[in-house]
Amino acid sequence: MPHATIPPAVCIPVDWLTETLGAQRLEQIGYHFADLEATVGHDLTNWEYRLASLLQEIELTPKMRDQLDTHVKDVPGPWAVRSSSTVEDGDRQSHAGLYDSYLHLNTLDDVYAAIVACWRSFYSLGAVLGRLRAGDTSPQPRMAVIVQSMVPARLAGVAFSQQDHVIIEAVTGTGDTLVSGEADVVSTHHTVGQYDTQPYGDVTRLAVSLAGVFGHSVDIEWAWDGALVHLVQVRPVTAGLTRAHPRLPLFAWDSLYLRDGSASDVALGACASIVHAVTAKRSAMYRLAMRHGIQISDGWIITVNGLGLQNPTLHPVWWTALDGEVVVDLGTSARQNIIPAADLTTFLTQACGTRADPHRPHTVIVRRFVRGSAGAVTRALPDGGTIMEHSSSGLLAINRGLDTTSELLLPPPADPSAWSAIDQLPGWPTLALRHVAEFTHTVTAIHPQAHLEWVIEAGTLYFVDYSIPKHQSPPTRGQDATVISSGSAQGPLLRVDSEHLTELSVAPIVNIGSQAPVPTSRHLVELMDTIAAMPQRPIIYANRPYAILSLLIGKVAGFVFDGGSTLCHLAILLREARIPAAIANQPIPDAATAMAIDDGYVSSTQP
């Protein structure tokens with residue numbers, strides 16, 4: 001290359017990472033990725049911890065160290081260790097900043113530790129989410145590592161070739177201070193054919209030459225030692241890199257449910273479909289609840305970069321006042337992560353990879369999670385009453401089928417004598433219950449058969465959400481069971497594992513009016529395979545009506561549960577699909593091999 005030199009380097013192939021991980025560990029990594037996709041990334045903190053624990057003990061083999069001892073010594077130190085993944089620097093996604101690099105290393109032991117750390121960064125939270133956003137769900141290792149001589153740089157930076165000019169950004173010293181945002185950046189534009197003083201003239205020529213070689217605009221990293229320009233890296237200019245990201249701190253926000261579109265700096269980005277879905281459903285009903293004096297919990301759409309995340313002067317009052325727990329959406333591949341509000345900045349830093357690239361904007365949705373002391377689901381009755389299923393385990397446990405509920409009949413709102421005689425429900429003030437009944441009937445007048453969702457927290461009532469089931473018949477109580485969905489069915493009994501069903505059911509993949517996606521979790525795949533191999537469609541027997549069991553609708557004859565809610569998501573979907581289902585009054589014997597359901601009757605047979 002006529003305008004630059006390339007620092008000496010050694011490349012460690014992808015095969016070394018594959019060999020270091022080993023077949024057993026790779027299989028476990030595959031399981032983790034399958035669970036991540038199956039649960040739409042709803043528990044990233046624990047997922048990251050489990051994966052990091054799996055990778056904690058990987059290290060170079062003695063044979064690898066022997067080979068490196070020979071070859072790295074031929075590369076003058078100090079050294080830089082940096083990733084060269086086969087899934088970065090593409091023509092559509094650069095994945096710049098997703099993987100770790102280590103500079104100014106003075107000993108071979110430091111180099112070897114950096115190689116392993118660089119490998120681990122392929123499976124870091126920010127890197128995995130970055131690939132998921134690009135549609136890459138593969139768990140396979142695809143990272144080579146380069147060990148390269150450090151350039152004693154006086155100036156360093158990046159350059160972006162454009163059609164008729166080159167944008168150059170430079171800092172004093174090495175380029176890592178530019179990426180981290182620690183140094184003042186000088187940004188200049190240089191017209192092709194008009195070459196300025198050094199090193200900018202050679203950097204411009206280099207960018208133009210490389211664009212001609214590759215046939216497209218390029219983004220290069222360069223360093224100048226006072227005499228020569230050194231080429232450190234070259235990648236295509238992707239859609240996201242047609243110009244450098246703003247170097248100023250960014251923290252823009254707007255209300256999620258009550259927004260008016262005036263926050264011009266908020267870009268919906270990867271959260272666009274989520275915003276449109278939740279606001280189309282809830283915004284009008286939230287405003288209606290507020291007009292009725294009922295509390296709602298708003299959320300916020302935030303467009304932020306790493307510099308803004310770490311700059312308290314840009315943070316709004318609501319951000320600094322956040323306490324308890326929050327729900328965070330990072331996009332369609334990472335939904336509804338419930339984390340302590342105190343951990344929010346750390347979580348976003350890791351998940352968005354802002355340490356590696358503090359300038360790139362990210363859009364996230366943050367909502368206060370009102371767990372409350374109890375939750376409830378209500379539906380209006382034709383006689384003016386209201387059925388309220390409630391649980392001290394909270395609304396999430398009700399919806400996802402994780403808990404057995406209690407039932408309370410609320411009298412018509414216009415019957416004061418009945419309200420004066422109503423049984424007290426611990427934690428629920430009578431006034432709150434009246435608001436529940438009144439608003440349930442108000443919404444039902446607009447949306448017949450609506451089910452409303454509630455949370456009570458320290459005596460304050462929150463309206464959370466509503467759903468509109470189709471083709472519903474009310475649950476009934478029979479001799480042996482509570483009928484969730486009427487009908488008759490019989491078949492072999494198939495007991496299912498409650499531990500994994502609980503974990504999967506908390507994920508935000510089951511909603512009223514929609515079916516869960518095709519399963520990828522190994523536990524679900526094994527369950528599906530078992531059902532497919534049975535000579536007759538089975539009756540599923542589970543501890544609770546777990547939401548994830550909606551995947552079995554159309555594949556089994558019916559369902560029996562030990563407990564649960566008749567208004568949970570699965571119960572509603574079963575009634576819509578007319579699949580017989582019931583909550584048994586007594587546990588099914590362990591020795592039972594077959595089962596029959598006939599509305600309020602449940603029977604089992606033993607060999």
Side-chain angles (χ1 to χ4, degrees), residues 5-23 25-26 29 51-52 54-90 93-131 134 136 138-151 153 156 158 174-176 179-180 219-223 230-236 353 355-357:
T5 63
I6 299 175
V10 171
C11 182
I12 299 167
V14 174
D15 292 348
W16 279 28
L17 175 54
T18 303
E19 179 183 346
T20 301
L21 291 171
R25 191 179 277 112
L26 282 171
I29 290 173
L51 189 61
L54 188 62
L55 301 173
Q56 187 62 40
E57 296 181 0
I58 64 171
E59 59 183 2
L60 294 163
T61 67
K63 182 179 178 181
M64 292 175 183
R65 293 178 70 98
D66 288 343
Q67 292 185 51
L68 286 171
D69 283 345
T70 300
H71 295 294
V72 173
K73 287 178 180 177
D74 293 334
V75 177
W79 300 281
V81 171
R82 54 195 304 158
S83 69
S84 182
S85 169
T86 60
V87 290
E88 61 182 322
D89 301 339
Q93 294 284 339
S94 74
H95 292 316
L98 289 187
Y99 311 113
D100 292 343
S101 297
Y102 299 88
L103 308 181
H104 310 290
L105 304 175
N106 295 304
T107 69
L108 289 179
D109 284 342
D110 289 340
V111 169
Y112 300 157
I115 291 169
V116 174
C118 206
W119 280 341
R120 289 195 187 104
S121 74
F122 185 79
Y123 293 108
S124 68
L125 181 58
V128 171
L129 291 179
R131 295 197 297 272
D136 179 0
S138 173
Q140 292 303 310
R142 289 157 289 164
M143 178 183 279
V145 175
I146 293 174
V147 181
Q148 192 170 35
S149 290
M150 284 290 303
V151 176
V158 295
T174 55
D176 55 313
V179 174
S180 66
D219 158 22
I220 66 172
E221 294 181 24
W222 57 271
H230 301 264
L231 175 63
V232 178
Q233 183 164 290
V234 58
R235 62 167 68 95
R355 284 198 181 94
D357 185 352

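Of the charged side-chain nitrogens involved, at least one lies within less than 4.0 Å of a carboxylate oxygen, so that R142 and D136 count as a salt-bridged pair.
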Would you list the atom pairs, donor with acceptor, under 3.5 Å between side chains in residues 62-75 and any protein atom, with sequence neighbours excluded?
unit_1 : atom_1 : unit_2 : atom_2 : d
R65    : NH2    : D109   : OD1    : 3.2
D69    : OD1    : Y112   : OH     : 2.4
T70    : OG1    : D66    : O      : 3.4

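Side-chain atoms of I12 and W119, non-hydrogen and from C-beta on, do get closer than 4.5 Å to each other. Proximity of P8 to P76: side-chain heavy atoms (C-beta onward) are separated by under 4.5 Å at one or more points. At least one side-chain heavy atom of V81 sits under 4.5 Å from a side-chain heavy atom of V145. Contact of the I29 side chain with the P139 side chain is registered, since non-hydrogen atoms from C-beta on lie closer than 4.5 Å.
Atoms OG1 and CG, from T18 and L26 in turn, are 6.5 Å apart once rounded to the nearest 0.5 Å. Separating the CG atom in L108 from the CH2 atom in W79 is a distance of 4.5 Å, to the nearest 0.5 Å. Taking CG from L60 and CD from E19, the interatomic distance works out to 10.0 Å, rounded to the nearest 0.5 Å. The OG1 atom of T20 sits 10.0 Å away from atom CD1 of I115, with the distance rounded to the nearest 0.5 Å.
Distance alone, capped at 3.5 Å, places no donor-acceptor pair between the R131 side chain and the G126 backbone. Remark: the backbone N or O of Y123 is not paired with any side-chain donor or acceptor of Y99 at under 3.5 angstrom. Remark: the backbone N or O of D100 is paired with a side-chain donor or acceptor of S121 at under 3.5 angstrom.
Residues satisfying the side chain to side chain contact (heavy atoms under 4.5 Å, CB included) criterion with A223, sequence neighbours excluded, are V151, A153, A156, V232. The salt bridge (Lys or Arg N to Asp or Glu O under 4.0 Å) check on R120 picks up nothing, with sequence neighbours excluded.
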